[in-house]
Amino acid sequence: MSEYRIDEGMEVTLHFTLKLEDGTVVDSTRDKEPATFQMGDGNLPPGFEYPLKGLTDGDSGSFEITPEHAFGQHNPQNVQLLSRDDFEDIEPEVGTVMSFADAAGGELPGVITSVEGKQVEVDFNHPLAGRTLTFEVEVIDVRPAQTH
């Protein structure tokens, strides 16, 4: 049993399972190595870090995370109509996730949601936007993070 509890500046190793409202598993470490991260390092959205505070080795819990605290609400403005001509050698297919260049030159993933004639509709919302998620955790280890 650790004397440490999860808080800022702690390194946490845990198993997690992320589920949709209907129980579909979106992501899980159960069948692989547990996840290790530092609280506040940006690896987890704040809404996922908050319920972990105060937990220690051996604790487990199941938390409901609302869209505001997870990946945001679905924003209709993030759905764009592109011309089929923008897809040079690629046949756009519904459901395909593609990477697009954003205004700043970075990469932005988008999902093709419809193809009609010369128009291709692409949704740039996070795939989990607007979803309430269940975050199940089993804490394995809590220790002070090594600072270099």
Side-chain angles (χ1 to χ4, degrees), residues 5-143 145:
R5 295 197 169 270
I6 298 177
D7 206 345
E8 292 298 318
M10 290 289 166
E11 187 175 274
V12 183
T13 301
L14 51 71
H15 269 299
F16 74 88
T17 302
L18 196 58
K19 295 179 179 173
L20 299 178
E21 299 93 331
D22 65 4
T24 303
V25 173
V26 179
D27 194 8
S28 179
T29 57
R30 286 278 168 212
D31 48 2
K32 46 188 189 252
E33 291 291 307
T36 298
F37 65 95
Q38 194 172 326
M39 280 297 275
D41 68 2
N43 273 324
L44 279 185
F48 290 89
E49 287 191 344
Y50 178 74
L52 300 177
K53 287 198 172 175
L55 298 181
T56 190
D57 302 9
D59 284 353
S60 56
S62 181
F63 310 101
E64 192 172 272
I65 316 281
T66 59
E68 298 75 27
H69 295 110
F71 297 99
Q73 291 292 0
H74 189 270
N75 182 349
Q77 291 179 326
N78 290 341
V79 179
Q80 311 262 323
L81 279 178
L82 302 178
S83 164
R84 194 169 193 140
D85 301 336
D86 294 340
F87 298 83
E88 293 154 4
D89 308 330
I90 305 156
E91 189 57 39
E93 286 181 40
V94 173
T96 304
V97 178
M98 293 183 65
S99 212
F100 296 86
D102 65 12
E107 291 204 349
L108 190 63
V111 180
I112 296 173
T113 48
S114 76
V115 180
E116 288 178 27
K118 285 268 177 218
Q119 289 199 315
V120 179
E121 187 181 78
V122 182
D123 187 344
F124 291 103
N125 284 290
H126 188 284
L128 297 174
R131 308 297 291 260
T132 294
L133 304 168
T134 299
F135 186 46
E136 296 174 355
V137 298
E138 177 193 341
V139 180
I140 297 165
D141 187 39
V142 180
R143 61 186 170 279

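Just so it is clear, the model here is predicted, and its values are computed rather than measured. Residues: numbered from 1 along the sequence shown.
With sequence neighbours excluded, the residues that form a salt bridge (charged side-chain N to carboxylate O under 4.0 Å, His left out) with Asp7 are Lys53. Listed by chain and number, the residues in a side chain to side chain contact (heavy atoms under 4.5 Å, CB included) with Ser60 are Glu138 (sequence neighbours excluded). For the ring-ring contact (aromatic ring centres under 6.0 Å, His included) test, no residue two or more places apart in sequence or in another chain qualifies with His74. Scored by the salt bridge (charged side-chain N to carboxylate O under 4.0 Å, His left out) test, Asp31 finds no partners at all (sequence neighbours excluded). For Phe37, the ring-ring contact (aromatic ring centres under 6.0 Å, His included) criterion is met by no residue, not counting sequence neighbours. The side-chain hydrogen bond (donor to acceptor under 3.5 Å, both in side chains) test applied to Thr132 returns no partner, not counting sequence neighbours. Residues satisfying the side-chain hydrogen bond (donor to acceptor under 3.5 Å, both in side chains) criterion with Asp22, sequence neighbours excluded, are Thr24. Listed by chain and number, the residues in a side-chain hydrogen bond (donor to acceptor under 3.5 Å, both in side chains) with Thr36 are Thr13 (sequence neighbours excluded). Considering only residues two or more places apart in sequence or on other chains, Glu11 meets the side-chain hydrogen bond (donor to acceptor under 3.5 Å, both in side chains) condition with Arg143.
Below 30°, between 30° and 60°, or above 60°: for Phe135 and Phe16 the angle between ring planes is between 30° and 60°, a tilted geometry.
Residues Gln38 and Met10 are not in side-chain contact: their nearest non-hydrogen atoms beyond the backbone lie 4.5 Å or more apart. For the pair Val139 and His15, the minimum side-chain heavy-atom distance is 4.5 Å or more. Contact check for Pro34 versus Leu14: no side-chain heavy atoms found under the 4.5 Å cut-off. Residues Leu128 and Leu20 have side chains in contact (heavy-atom distance under 4.5 Å, counting atoms from C-beta outward). The shortest distance between side-chain heavy atoms of Lys19 and Leu133 does not fall below 4.5 Å. At a threshold of 4.5 Å between non-hydrogen side-chain atoms, the residues Val137 and Phe63 count as touching. At a threshold of 4.5 Å between non-hydrogen side-chain atoms, the residues Phe87 and Val122 count as touching. Side-chain contact between Val120 and Ser83: absent, with no pair of heavy atoms (C-beta onward) separated by less than 4.5 Å.
Rounding to the nearest 0.5 Å places CD1 of Ile90 at 9.5 Å from OG1 of Thr96. Between the CE atom in Met98 and the CG atom in Leu82 there is a gap of 9.5 Å [rounded to 0.5 Å]. Rounding to the nearest 0.5 Å gives a distance of 8.0 Å between CG of Leu18 and OG1 of Thr134. Once rounded to the nearest 0.5 Å, the distance linking OG1 of Thr66 with CZ of Arg131 reads 14.0 Å.
Applying the salt bridge (charged side-chain N to carboxylate O under 4.0 Å, His left out) test to every pair with at least one member in residues 60-84, sequence neighbours left out, gives these pairs: Arg84-Glu91.
Within a 6.0 Å sphere centred on CD of Glu21, heavy atoms belonging to other residues, nucleotides or ligands number more than 12. Within a 6.0 Å sphere centred on NZ of Lys32, heavy atoms belonging to other residues, nucleotides or ligands number more than 12.
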ask   = Please walk me through it: do Val142 and Arg5 pass side-chain contact (heavy atoms from CB on, under 4.5 Å)?
value = CA-CA 6 Å; Val142 180; Arg5 295 197 169 270; 5.8 Å; no
Residues Asn75, Asn125; criterion side-chain hydrogen bond (donor to acceptor under 3.5 Å, both in side chains); working and verdict = CA-CA 7 Å; Asn75 182 349; Asn125 284 290; 5.5 Å; no
Exercise answer: donor-acceptor pairs, residues 106-116 side-chain atoms, under 3.5 Å, sequence neighbours excluded:
| residue | atom | partner | partner atom | Å |
| --- | --- | --- | --- | --- |
| Glu107 | OE1 | Ser99 | OG | 2.9 |
| Thr113 | OG1 | Glu121 | O | 3.2 |
| Thr113 | OG1 | Glu121 | OE1 | 2.8 |

For residues 42-52, tabulate all N or O donor-acceptor pairs below 3.5 Å that involve a side-chain atom, not counting sequence neighbours.
| residue | atom | partner | partner atom | Å |
| --- | --- | --- | --- | --- |
| Asn43 | ND2 | Asp41 | OD2 | 3.0 |
| Glu49 | OE1 | Gly40 | N | 3.2 |
| Glu49 | OE2 | Gly40 | N | 2.7 |

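Gln77 and Gln80 make their closest contact through O-NE2, 3.2 Å (heavy atoms, listed as atom of the first residue, atom of the second, distance).
Looking at Asp27, its side chain never comes within 3.5 Å of a backbone N or O of Thr17 through a donor-acceptor pair.
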